[in-house]
Number of protein chains: 2
Amino acid sequence: MKSRRDRLREATVQEITGTARRILVAEGPEAVTLRAIAREMGMTAPALYRYFGSHGELLRHVVGAIFTELTAALHDALQAVPNGDMSGKFLAVSRRFRHWALAHPREYALLFGAPVRGRGHDEDWAEECAREFGWTFLSLFLELWRKKPFPVVPDERIDPVLLEQLRSYREDVLGVDLPLGVIQQFLKCWVRLQGSVSLEVFGHLEFALRDAGPMFELMMREISSELDITYRPPEP
Amino acid sequence: MKSRRDRLREATVQEITGTARRILVAEGPEAVTLRAIAREMGMTAPALYRYFGSHGELLRHVVGAIFTELTAALHDALQAVPNGDMSGKFLAVSRRFRHWALAHPREYALLFGAPVRGRGHDEDWAEECAREFGWTFLSLFLELWRKKPFPVVPDERIDPVLLEQLRSYREDVLGVDLPLGVIQQFLKCWVRLQGSVSLEVFGHLEFALRDAGPMFELMMREISSELDITYRPPEP
DNA sequence: CACGGCGGTGAAAGCCGTTAACTGCGAACG
DNA sequence: CGTTCGCAGTTAACGGCTTTCACCGCCGTG
(Lines give C-alpha, C1' and ligand atoms only; values in the text may rest on other atoms or scores of the structure.)
Protein backbone atom coordinates (compact mmCIF):
# COMPACT_ATOMS: atom_id res chain seq x y z
CA MET A 1 0.00 0.00 0.00
CA LYS A 2 1.43 3.31 -1.04
CA SER A 3 1.00 6.19 1.32
CA ARG A 4 0.23 9.66 0.13
CA ARG A 5 3.84 10.63 0.83
CA ASP A 6 5.09 7.89 -1.42
CA ARG A 7 2.86 8.98 -4.24
CA LEU A 8 4.03 12.56 -3.96
CA ARG A 9 7.62 11.44 -3.88
CA GLU A 10 7.18 9.31 -6.95
CA ALA A 11 5.57 12.18 -8.80
CA THR A 12 8.46 14.45 -7.91
CA VAL A 13 10.97 11.90 -9.12
CA GLN A 14 9.13 11.75 -12.41
CA GLU A 15 9.06 15.52 -12.68
CA ILE A 16 12.79 15.62 -12.06
CA THR A 17 13.65 13.08 -14.74
CA GLY A 18 11.19 14.80 -17.05
CA THR A 19 12.75 18.23 -16.74
CA ALA A 20 16.22 16.72 -16.92
CA ARG A 21 15.28 15.17 -20.19
CA ARG A 22 13.68 18.35 -21.52
CA ILE A 23 16.89 20.21 -20.81
CA LEU A 24 18.90 17.44 -22.44
CA VAL A 25 16.90 17.68 -25.62
CA ALA A 26 16.73 21.47 -25.71
CA GLU A 27 20.25 22.44 -24.68
CA GLY A 28 22.46 19.40 -24.87
CA PRO A 29 23.98 17.04 -22.34
CA GLU A 30 26.35 19.50 -20.65
CA ALA A 31 23.40 21.71 -19.74
CA VAL A 32 21.77 18.99 -17.65
CA THR A 33 23.03 20.27 -14.29
CA LEU A 34 21.44 19.91 -10.88
CA ARG A 35 21.07 23.66 -10.61
CA ALA A 36 19.40 23.96 -14.01
CA ILE A 37 16.94 21.18 -13.22
CA ALA A 38 16.10 22.69 -9.85
CA ARG A 39 15.79 26.17 -11.36
CA GLU A 40 13.33 24.93 -13.95
CA MET A 41 11.28 23.29 -11.20
CA GLY A 42 11.29 26.31 -8.90
CA MET A 43 13.54 24.62 -6.37
CA THR A 44 17.12 24.82 -5.24
CA ALA A 45 19.81 22.32 -6.16
CA PRO A 46 20.41 20.69 -2.76
CA ALA A 47 16.76 19.63 -2.64
CA LEU A 48 17.46 17.15 -5.40
CA TYR A 49 19.70 15.25 -3.04
CA ARG A 50 16.53 14.11 -1.26
CA TYR A 51 15.84 12.06 -4.39
CA PHE A 52 19.19 11.15 -5.84
CA GLY A 53 22.54 10.57 -4.21
CA SER A 54 24.49 12.48 -6.83
CA HIS A 55 24.36 14.09 -10.21
CA GLY A 56 25.57 10.90 -11.84
CA GLU A 57 22.93 8.81 -10.14
CA LEU A 58 20.23 11.13 -11.42
CA LEU A 59 21.67 10.88 -14.90
CA ARG A 60 21.69 7.10 -14.73
CA HIS A 61 18.07 7.19 -13.67
CA VAL A 62 17.26 9.29 -16.72
CA VAL A 63 19.15 6.76 -18.82
CA GLY A 64 16.95 4.03 -17.40
CA ALA A 65 13.79 5.96 -18.19
CA ILE A 66 14.91 6.61 -21.75
CA PHE A 67 15.79 2.94 -22.21
CA THR A 68 12.32 1.85 -21.21
CA GLU A 69 10.80 4.43 -23.53
CA LEU A 70 12.92 3.12 -26.39
CA THR A 71 11.88 -0.41 -25.49
CA ALA A 72 8.24 0.68 -25.56
CA ALA A 73 8.73 2.21 -28.99
CA LEU A 74 10.14 -1.07 -30.27
CA HIS A 75 7.26 -3.04 -28.81
CA ASP A 76 4.87 -0.60 -30.41
CA ALA A 77 6.47 -1.20 -33.79
CA LEU A 78 6.33 -4.90 -33.10
CA GLN A 79 2.64 -5.03 -32.42
CA ALA A 80 1.77 -2.99 -35.50
CA VAL A 81 2.74 -6.00 -37.61
CA PRO A 82 0.40 -9.02 -37.83
CA ASN A 83 1.47 -11.84 -35.60
CA GLY A 84 2.56 -14.42 -38.13
CA ASP A 85 4.74 -12.05 -40.14
CA MET A 86 8.19 -12.55 -38.67
CA SER A 87 9.95 -10.86 -41.56
CA GLY A 88 7.75 -7.84 -41.17
CA LYS A 89 8.39 -7.71 -37.45
CA PHE A 90 12.13 -7.92 -37.86
CA LEU A 91 12.21 -5.18 -40.45
CA ALA A 92 9.82 -3.02 -38.45
CA VAL A 93 11.81 -3.24 -35.24
CA SER A 94 15.09 -2.52 -36.98
CA ARG A 95 13.68 0.50 -38.76
CA ARG A 96 11.97 1.76 -35.67
CA PHE A 97 15.26 1.59 -33.80
CA ARG A 98 16.97 3.74 -36.41
CA HIS A 99 14.02 6.07 -36.61
CA TRP A 100 13.90 6.57 -32.84
CA ALA A 101 17.65 7.19 -32.78
CA LEU A 102 17.46 9.85 -35.47
CA ALA A 103 14.48 11.50 -33.79
CA HIS A 104 16.24 11.51 -30.39
CA PRO A 105 19.93 11.96 -31.13
CA ARG A 106 20.88 13.35 -27.73
CA GLU A 107 19.06 10.64 -25.86
CA TYR A 108 20.72 8.10 -28.13
CA ALA A 109 24.12 9.59 -27.42
CA LEU A 110 23.43 9.30 -23.72
CA LEU A 111 22.44 5.65 -24.00
CA PHE A 112 24.99 4.43 -26.50
CA GLY A 113 27.90 6.84 -26.38
CA ALA A 114 30.85 6.35 -24.10
CA PRO A 115 29.13 5.05 -20.94
CA VAL A 116 28.51 6.94 -17.68
CA ARG A 117 30.59 4.98 -15.19
CA GLY A 118 29.83 4.35 -11.55
CA ARG A 119 26.61 3.18 -9.96
CA GLY A 120 24.48 4.38 -7.07
CA HIS A 121 22.39 2.54 -4.54
CA ASP A 122 19.96 1.76 -7.32
CA GLU A 123 22.74 -0.73 -7.98
CA ASP A 124 21.81 -1.03 -11.61
CA TRP A 125 18.34 0.07 -12.48
CA ALA A 126 19.61 1.58 -15.72
CA GLU A 127 21.47 -1.64 -16.46
CA GLU A 128 18.28 -3.55 -15.93
CA CYS A 129 16.43 -1.32 -18.39
CA ALA A 130 19.26 -1.74 -20.87
CA ARG A 131 19.04 -5.50 -20.55
CA GLU A 132 15.32 -5.39 -21.15
CA PHE A 133 15.91 -3.29 -24.23
CA GLY A 134 18.45 -5.77 -25.54
CA TRP A 135 16.10 -8.60 -24.79
CA THR A 136 13.32 -7.26 -27.01
CA PHE A 137 15.57 -7.52 -30.03
CA LEU A 138 17.19 -10.77 -29.01
CA SER A 139 13.91 -12.51 -28.24
CA LEU A 140 12.51 -11.43 -31.57
CA PHE A 141 15.58 -12.85 -33.24
CA LEU A 142 15.26 -16.17 -31.45
CA GLU A 143 11.56 -16.40 -32.22
CA LEU A 144 12.38 -15.70 -35.84
CA TRP A 145 14.81 -18.58 -35.91
CA ARG A 146 12.47 -20.99 -34.16
CA LYS A 147 9.56 -20.25 -36.45
CA LYS A 148 11.53 -20.15 -39.66
CA PRO A 149 15.08 -21.41 -39.16
CA PHE A 150 17.74 -19.88 -41.37
CA PRO A 151 20.92 -21.80 -42.14
CA VAL A 152 23.43 -21.62 -39.35
CA VAL A 153 27.10 -22.53 -39.12
CA PRO A 154 27.76 -25.67 -37.04
CA ASP A 155 29.73 -25.40 -33.80
CA GLU A 156 32.80 -27.05 -35.32
CA ARG A 157 33.22 -24.16 -37.73
CA ILE A 158 33.07 -21.43 -35.09
CA ASP A 159 36.31 -19.97 -33.78
CA PRO A 160 37.04 -21.85 -30.53
CA VAL A 161 37.66 -18.68 -28.52
CA LEU A 162 34.37 -17.27 -29.72
CA LEU A 163 32.64 -20.61 -29.20
CA GLU A 164 33.50 -20.67 -25.52
CA GLN A 165 32.13 -17.18 -24.97
CA LEU A 166 28.96 -17.92 -26.88
CA ARG A 167 28.49 -21.04 -24.81
CA SER A 168 28.83 -19.24 -21.49
CA TYR A 169 26.53 -16.48 -22.71
CA ARG A 170 23.94 -19.09 -23.65
CA GLU A 171 24.22 -20.96 -20.35
CA ASP A 172 24.81 -18.15 -17.86
CA VAL A 173 22.61 -15.43 -19.31
CA LEU A 174 20.09 -16.79 -21.77
CA GLY A 175 19.46 -20.24 -20.38
CA VAL A 176 17.91 -21.42 -23.62
CA ASP A 177 18.72 -24.38 -25.83
CA LEU A 178 19.86 -23.20 -29.24
CA PRO A 179 22.69 -23.82 -31.66
CA LEU A 180 25.52 -21.43 -30.88
CA GLY A 181 25.53 -20.44 -34.53
CA VAL A 182 22.21 -18.69 -33.95
CA ILE A 183 23.74 -16.54 -31.24
CA GLN A 184 26.73 -15.81 -33.43
CA GLN A 185 24.40 -14.73 -36.19
CA PHE A 186 22.47 -12.57 -33.76
CA LEU A 187 25.61 -10.79 -32.67
CA LYS A 188 26.70 -10.28 -36.26
CA CYS A 189 23.37 -8.69 -37.13
CA TRP A 190 23.24 -6.60 -33.98
CA VAL A 191 26.71 -5.23 -34.56
CA ARG A 192 25.82 -4.19 -38.09
CA LEU A 193 22.54 -2.67 -37.01
CA GLN A 194 23.64 -0.70 -34.01
CA GLY A 195 26.97 0.09 -35.59
CA SER A 196 25.43 1.72 -38.62
CA VAL A 197 22.85 3.59 -36.56
CA SER A 198 25.51 4.89 -34.18
CA LEU A 199 27.70 6.12 -37.02
CA GLU A 200 24.77 7.88 -38.63
CA VAL A 201 23.49 9.52 -35.45
CA PHE A 202 26.94 10.67 -34.38
CA GLY A 203 27.41 12.27 -37.79
CA HIS A 204 30.27 10.08 -38.89
CA LEU A 205 28.73 9.44 -42.29
CA GLU A 206 28.12 13.07 -43.12
CA PHE A 207 31.49 13.31 -44.81
CA ALA A 208 29.86 11.50 -47.73
CA LEU A 209 26.11 11.14 -47.17
CA ARG A 210 23.48 13.68 -46.31
CA ASP A 211 20.84 10.99 -45.97
CA ALA A 212 22.08 7.57 -44.91
CA GLY A 213 18.65 5.99 -45.24
CA PRO A 214 19.36 4.12 -48.48
CA MET A 215 22.57 2.71 -47.03
CA PHE A 216 20.60 1.44 -44.07
CA GLU A 217 18.04 -0.18 -46.34
CA LEU A 218 20.83 -1.74 -48.36
CA MET A 219 22.15 -3.29 -45.19
CA MET A 220 18.67 -4.48 -44.26
CA ARG A 221 18.44 -6.20 -47.62
CA GLU A 222 21.71 -8.01 -47.03
CA ILE A 223 20.77 -9.02 -43.53
CA SER A 224 17.38 -10.19 -44.75
CA SER A 225 18.93 -12.48 -47.30
CA GLU A 226 21.26 -13.88 -44.65
CA LEU A 227 18.29 -14.62 -42.39
CA ASP A 228 16.01 -15.97 -45.12
CA ILE A 229 13.70 -13.06 -44.56
CA THR A 230 11.55 -11.65 -47.34
CA TYR A 231 12.71 -8.05 -47.65
CA ARG A 232 10.06 -5.41 -48.18
CA PRO A 233 10.86 -1.71 -48.61
CA PRO A 234 9.58 0.67 -45.96
CA GLU A 235 6.07 2.06 -46.32
CA PRO A 236 6.18 5.85 -46.61
CA MET B 1 61.44 32.18 -41.56
CA LYS B 2 60.44 31.37 -38.02
CA SER B 3 61.58 33.72 -35.33
CA ARG B 4 62.74 32.47 -31.97
CA ARG B 5 59.45 33.62 -30.47
CA ASP B 6 57.53 31.50 -32.93
CA ARG B 7 59.55 28.43 -32.11
CA LEU B 8 59.01 28.89 -28.41
CA ARG B 9 55.33 29.41 -28.95
CA GLU B 10 55.05 26.28 -31.03
CA ALA B 11 56.87 24.27 -28.41
CA THR B 12 54.50 25.53 -25.74
CA VAL B 13 51.50 24.62 -27.85
CA GLN B 14 52.88 21.13 -28.18
CA GLU B 15 53.51 20.89 -24.47
CA ILE B 16 49.95 21.96 -23.81
CA THR B 17 48.37 19.39 -26.10
CA GLY B 18 50.78 16.80 -24.73
CA THR B 19 49.84 17.33 -21.11
CA ALA B 20 46.17 17.57 -22.06
CA ARG B 21 46.44 14.19 -23.64
CA ARG B 22 48.35 12.70 -20.73
CA ILE B 23 45.58 13.82 -18.41
CA LEU B 24 42.97 12.44 -20.77
CA VAL B 25 44.58 9.02 -20.77
CA ALA B 26 45.31 8.96 -17.05
CA GLU B 27 42.15 10.45 -15.57
CA GLY B 28 39.48 10.52 -18.23
CA PRO B 29 37.94 13.21 -20.42
CA GLU B 30 36.20 15.19 -17.66
CA ALA B 31 39.56 15.73 -15.95
CA VAL B 32 41.00 17.58 -18.94
CA THR B 33 40.39 21.07 -17.55
CA LEU B 34 42.32 24.24 -18.23
CA ARG B 35 43.32 24.46 -14.59
CA ALA B 36 44.57 20.87 -14.52
CA ILE B 37 46.64 21.37 -17.64
CA ALA B 38 48.09 24.63 -16.37
CA ARG B 39 48.76 23.11 -12.94
CA GLU B 40 50.67 20.25 -14.49
CA MET B 41 52.75 22.73 -16.50
CA GLY B 42 53.47 25.05 -13.58
CA MET B 43 51.30 27.82 -14.97
CA THR B 44 47.94 29.37 -14.25
CA ALA B 45 44.81 28.76 -16.27
CA PRO B 46 44.39 32.21 -17.88
CA ALA B 47 47.81 31.87 -19.49
CA LEU B 48 46.42 29.17 -21.75
CA TYR B 49 44.20 31.78 -23.36
CA ARG B 50 47.32 33.15 -25.01
CA TYR B 51 47.35 29.96 -27.05
CA PHE B 52 43.72 28.91 -27.41
CA GLY B 53 40.56 30.94 -27.50
CA SER B 54 38.62 28.59 -25.26
CA HIS B 55 38.59 25.22 -23.58
CA GLY B 56 36.71 23.73 -26.54
CA GLU B 57 39.21 25.08 -29.03
CA LEU B 58 42.05 23.49 -27.12
CA LEU B 59 40.18 20.20 -27.06
CA ARG B 60 39.62 20.34 -30.79
CA HIS B 61 43.31 20.94 -31.27
CA VAL B 62 44.03 17.83 -29.23
CA VAL B 63 41.56 15.96 -31.40
CA GLY B 64 43.50 17.05 -34.46
CA ALA B 65 46.78 15.88 -32.97
CA ILE B 66 45.33 12.51 -32.06
CA PHE B 67 43.87 12.12 -35.55
CA THR B 68 47.25 12.63 -37.14
CA GLU B 69 48.81 10.15 -34.73
CA LEU B 70 46.17 7.59 -35.65
CA THR B 71 46.80 8.30 -39.30
CA ALA B 72 50.50 7.75 -38.74
CA ALA B 73 49.79 4.43 -37.04
CA LEU B 74 47.78 3.31 -40.06
CA HIS B 75 50.53 4.35 -42.45
CA ASP B 76 53.00 2.47 -40.32
CA ALA B 77 50.90 -0.67 -40.58
CA LEU B 78 50.61 -0.05 -44.30
CA GLN B 79 54.29 0.10 -44.96
CA ALA B 80 55.01 -3.04 -42.96
CA VAL B 81 53.35 -5.03 -45.75
CA PRO B 82 55.20 -5.63 -49.05
CA ASN B 83 54.05 -3.30 -51.77
CA GLY B 84 52.25 -5.66 -54.10
CA ASP B 85 50.21 -7.33 -51.37
CA MET B 86 46.94 -5.40 -51.44
CA SER B 87 45.06 -8.01 -49.44
CA GLY B 88 47.70 -7.89 -46.77
CA LYS B 89 47.59 -4.11 -46.66
CA PHE B 90 43.85 -4.01 -46.33
CA LEU B 91 43.80 -6.54 -43.53
CA ALA B 92 46.73 -4.86 -41.79
CA VAL B 93 45.17 -1.41 -41.82
CA SER B 94 41.82 -2.68 -40.61
CA ARG B 95 43.38 -4.61 -37.77
CA ARG B 96 45.66 -1.76 -36.84
CA PHE B 97 42.67 0.54 -36.62
CA ARG B 98 40.94 -1.80 -34.17
CA HIS B 99 44.15 -2.36 -32.25
CA TRP B 100 44.83 1.35 -31.91
CA ALA B 101 41.26 1.94 -30.78
CA LEU B 102 41.47 -0.73 -28.08
CA ALA B 103 44.85 0.55 -26.94
CA HIS B 104 43.60 4.15 -26.78
CA PRO B 105 39.94 3.92 -25.79
CA ARG B 106 39.68 7.43 -24.37
CA GLU B 107 41.29 9.02 -27.37
CA TYR B 108 39.00 6.97 -29.57
CA ALA B 109 35.98 8.14 -27.63
CA LEU B 110 37.10 11.72 -28.12
CA LEU B 111 37.51 11.26 -31.87
CA PHE B 112 34.51 9.12 -32.64
CA GLY B 113 32.02 9.66 -29.85
CA ALA B 114 29.38 12.33 -29.98
CA PRO B 115 31.29 15.19 -31.60
CA VAL B 116 32.58 18.36 -29.91
CA ARG B 117 30.59 21.05 -31.60
CA GLY B 118 31.67 24.57 -32.44
CA ARG B 119 34.83 25.69 -34.12
CA GLY B 120 37.48 28.28 -33.35
CA HIS B 121 39.53 30.52 -35.56
CA ASP B 122 41.48 27.46 -36.59
CA GLU B 123 38.32 27.11 -38.65
CA ASP B 124 38.72 23.37 -38.92
CA TRP B 125 42.20 22.08 -38.30
CA ALA B 126 40.76 19.06 -36.54
CA GLU B 127 38.37 18.53 -39.44
CA GLU B 128 41.31 18.62 -41.81
CA CYS B 129 43.12 15.96 -39.79
CA ALA B 130 39.97 13.86 -39.74
CA ARG B 131 39.70 14.12 -43.49
CA GLU B 132 43.29 13.03 -43.89
CA PHE B 133 42.61 10.07 -41.62
CA GLY B 134 39.61 9.09 -43.70
CA TRP B 135 41.60 9.48 -46.83
CA THR B 136 44.23 6.91 -45.82
CA PHE B 137 41.58 4.22 -45.68
CA LEU B 138 39.69 5.42 -48.71
CA SER B 139 42.76 5.72 -50.90
CA LEU B 140 43.84 2.23 -49.93
CA PHE B 141 40.39 0.99 -50.87
CA LEU B 142 40.48 2.69 -54.24
CA GLU B 143 43.97 1.42 -54.97
CA LEU B 144 42.78 -2.05 -54.04
CA TRP B 145 39.98 -1.82 -56.56
CA ARG B 146 42.18 -0.44 -59.32
CA LYS B 147 44.83 -3.11 -58.93
CA LYS B 148 42.45 -6.01 -58.45
CA PRO B 149 38.88 -5.03 -59.22
CA PHE B 150 36.18 -6.81 -57.29
CA PRO B 151 32.68 -7.17 -58.72
CA VAL B 152 30.64 -4.03 -58.29
CA VAL B 153 26.95 -3.30 -58.67
CA PRO B 154 26.15 -1.17 -61.75
CA ASP B 155 24.69 2.30 -61.30
CA GLU B 156 21.23 1.20 -62.47
CA ARG B 157 20.90 -1.07 -59.48
CA ILE B 158 21.80 1.53 -56.89
CA ASP B 159 19.02 3.31 -55.03
CA PRO B 160 18.48 6.60 -56.88
CA VAL B 161 18.59 8.71 -53.71
CA LEU B 162 21.86 7.07 -52.74
CA LEU B 163 23.16 7.31 -56.29
CA GLU B 164 22.81 11.07 -56.34
CA GLN B 165 24.70 11.46 -53.10
CA LEU B 166 27.45 9.12 -54.22
CA ARG B 167 27.77 11.08 -57.43
CA SER B 168 28.13 14.42 -55.70
CA TYR B 169 30.61 12.92 -53.25
CA ARG B 170 32.66 11.60 -56.16
CA GLU B 171 32.56 14.89 -58.05
CA ASP B 172 32.72 17.47 -55.29
CA VAL B 173 35.05 15.75 -52.85
CA LEU B 174 37.01 12.96 -54.47
CA GLY B 175 37.34 14.19 -58.01
CA VAL B 176 38.24 10.76 -59.30
CA ASP B 177 36.72 8.66 -62.04
CA LEU B 178 35.30 5.46 -60.62
CA PRO B 179 32.11 3.45 -60.78
CA LEU B 180 29.77 4.64 -58.05
CA GLY B 181 29.40 1.03 -56.97
CA VAL B 182 32.98 1.16 -55.72
CA ILE B 183 32.16 4.07 -53.45
CA GLN B 184 29.03 2.34 -52.25
CA GLN B 185 31.08 -0.72 -51.42
CA PHE B 186 33.63 1.44 -49.62
CA LEU B 187 30.94 2.98 -47.46
CA LYS B 188 29.44 -0.42 -46.70
CA CYS B 189 32.82 -1.74 -45.55
CA TRP B 190 33.67 1.39 -43.60
CA VAL B 191 30.38 1.31 -41.76
CA ARG B 192 30.91 -2.30 -40.73
CA LEU B 193 34.51 -1.67 -39.73
CA GLN B 194 34.10 1.48 -37.71
CA GLY B 195 30.73 0.38 -36.42
CA SER B 196 32.05 -2.82 -34.93
CA VAL B 197 35.13 -1.13 -33.50
CA SER B 198 33.03 1.60 -31.91
CA LEU B 199 30.68 -0.88 -30.31
CA GLU B 200 33.57 -2.87 -28.93
CA VAL B 201 35.50 0.11 -27.57
CA PHE B 202 32.42 1.66 -25.99
CA GLY B 203 31.73 -1.63 -24.23
CA HIS B 204 28.46 -2.35 -25.98
CA LEU B 205 29.38 -5.93 -26.72
CA GLU B 206 30.40 -6.80 -23.19
CA PHE B 207 26.88 -8.00 -22.44
CA ALA B 208 27.83 -11.14 -24.38
CA LEU B 209 31.53 -11.11 -25.27
CA ARG B 210 34.59 -10.61 -23.14
CA ASP B 211 36.86 -10.65 -26.19
CA ALA B 212 35.31 -9.47 -29.42
CA GLY B 213 38.42 -10.28 -31.45
CA PRO B 214 36.99 -13.40 -33.11
CA MET B 215 33.84 -11.53 -34.09
CA PHE B 216 36.02 -8.90 -35.71
CA GLU B 217 37.97 -11.52 -37.60
CA LEU B 218 34.75 -13.16 -38.70
CA MET B 219 33.67 -9.83 -40.14
CA MET B 220 37.04 -9.40 -41.83
CA ARG B 221 36.56 -12.79 -43.46
CA GLU B 222 33.18 -11.75 -44.82
CA ILE B 223 34.45 -8.42 -46.07
CA SER B 224 37.44 -10.13 -47.65
CA SER B 225 35.23 -12.46 -49.63
CA GLU B 226 33.13 -9.51 -50.77
CA LEU B 227 36.25 -7.70 -51.97
CA ASP B 228 37.91 -10.75 -53.55
CA ILE B 229 40.67 -10.48 -51.02
CA THR B 230 42.61 -13.52 -49.83
CA TYR B 231 41.94 -13.61 -46.10
CA ARG B 232 44.82 -14.49 -43.84
CA PRO B 233 44.49 -14.77 -40.05
CA PRO B 234 46.44 -12.30 -37.93
CA GLU B 235 50.04 -13.17 -37.04
CA PRO B 236 50.42 -13.40 -33.26
C1' DC C 1 68.37 52.71 -26.02
C1' DA C 2 63.53 53.07 -25.92
C1' DC C 3 59.46 50.74 -26.48
C1' DG C 4 55.74 47.78 -27.87
C1' DG C 5 53.87 43.49 -27.68
C1' DC C 6 53.93 38.88 -25.89
C1' DG C 7 53.65 35.59 -22.08
C1' DG C 8 52.59 35.52 -17.79
C1' DT C 9 50.24 36.83 -13.12
C1' DG C 10 46.34 37.69 -9.58
C1' DA C 11 41.67 38.95 -8.74
C1' DA C 12 37.07 38.46 -9.65
C1' DA C 13 32.49 37.12 -11.74
C1' DG C 14 29.49 33.52 -12.52
C1' DC C 15 28.81 28.87 -13.28
C1' DC C 16 28.96 23.98 -11.23
C1' DG C 17 28.46 19.71 -7.50
C1' DT C 18 28.24 18.77 -2.85
C1' DT C 19 27.81 19.23 2.24
C1' DA C 20 25.96 21.01 6.51
C1' DA C 21 22.90 23.32 9.56
C1' DC C 22 18.50 24.82 9.88
C1' DT C 23 13.20 25.18 9.30
C1' DG C 24 8.53 24.17 8.75
C1' DC C 25 4.84 20.85 7.97
C1' DG C 26 2.39 16.63 7.70
C1' DA C 27 1.78 12.23 9.57
C1' DA C 28 1.99 8.89 13.15
C1' DC C 29 1.69 7.62 17.80
C1' DG C 30 0.52 7.91 22.75
C1' DC D 1 -5.83 16.09 21.17
C1' DG D 2 -0.96 17.02 21.81
C1' DT D 3 3.61 15.63 21.05
C1' DT D 4 7.12 14.14 18.37
C1' DC D 5 9.53 12.49 14.50
C1' DG D 6 10.86 12.50 9.81
C1' DC D 7 10.80 14.38 5.37
C1' DA D 8 11.09 18.16 1.83
C1' DG D 9 12.88 22.09 1.38
C1' DT D 10 15.79 26.24 2.42
C1' DT D 11 20.29 29.19 2.98
C1' DA D 12 25.21 29.37 3.45
C1' DA D 13 29.42 27.81 2.28
C1' DC D 14 33.55 25.22 0.13
C1' DG D 15 36.16 24.06 -3.69
C1' DG D 16 36.65 23.70 -8.60
C1' DC D 17 35.56 25.13 -13.12
C1' DT D 18 35.73 28.72 -17.46
C1' DT D 19 36.41 33.18 -18.72
C1' DT D 20 37.50 38.18 -18.49
C1' DC D 21 40.18 42.02 -16.95
C1' DA D 22 43.90 44.83 -15.37
C1' DC D 23 48.49 44.68 -14.57
C1' DC D 24 53.57 43.62 -15.10
C1' DG D 25 58.13 42.23 -16.73
C1' DC D 26 60.86 40.89 -20.29
C1' DC D 27 62.60 40.08 -25.04
C1' DG D 28 63.19 41.45 -29.71
C1' DT D 29 62.78 45.02 -32.87
C1' DG D 30 63.29 49.67 -34.60
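Quick note on labels: first sequence line is chain A, next is B, and so on, each numbered from 1. Source: prediction; values computed, not measured.
- Under the 30°/60° scheme for interplanar angles, the aromatic rings of A:Phe97 and A:Trp190 are found to be tilted.
- Using a 4.0 Å cutoff on non-hydrogen atoms, the parts of residues 16-34 of chain B near DNA chain D are B:Thr33, B:Leu34, ordered by number.
- Crowding of B:His55 atom NE2: a count of heavy atoms from other residues, nucleotides or ligands under 6.0 Å exceeding 12.
- OP1 and OP2 of C:dG8 both lie 4.0 Å or more from every side-chain N or O belonging to B:Thr44.
- Closest approach of A:Phe67 and A:Cys129 over heavy atoms only: CB-CB, 3.7 Å.
- Classification of B:Glu222 and A:Arg192 as a salt-bridged pair fails, no side-chain N sitting under 4.0 Å from a carboxylate O.
- Checking A:Arg35 against A:Gly42, the closest nucleotide of DNA chain D that is more toward the 5' end is the one next to A:Gly42.
- The aromatic rings of B:Phe137 and B:Phe186 sit tilted relative to each other, their planes meeting at an angle between 30° and 60°.
- Rounding to whole angstrom units, CZ of residue A:Phe52 and P of C:dT18 are separated by 13 Å.
- Within 6.0 Å of the CZ atom in B:Arg210, the count of heavy atoms belonging to other residues, nucleotides or ligands does not exceed 12.
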Sequence-aligned protein contact record of nucleotides 20-30 of chain D, with B where the base is within under 4.0 Å of a protein heavy atom and S where only the sugar-phosphate is: B------BS--
side-chain contact (heavy atoms from CB on, under 4.5 Å) evaluation trace for A:Thr68 with A:Glu132: CA-CA 8 Å; A:Thr68 72; A:Glu132 193 156 348; 6.0 Å; no
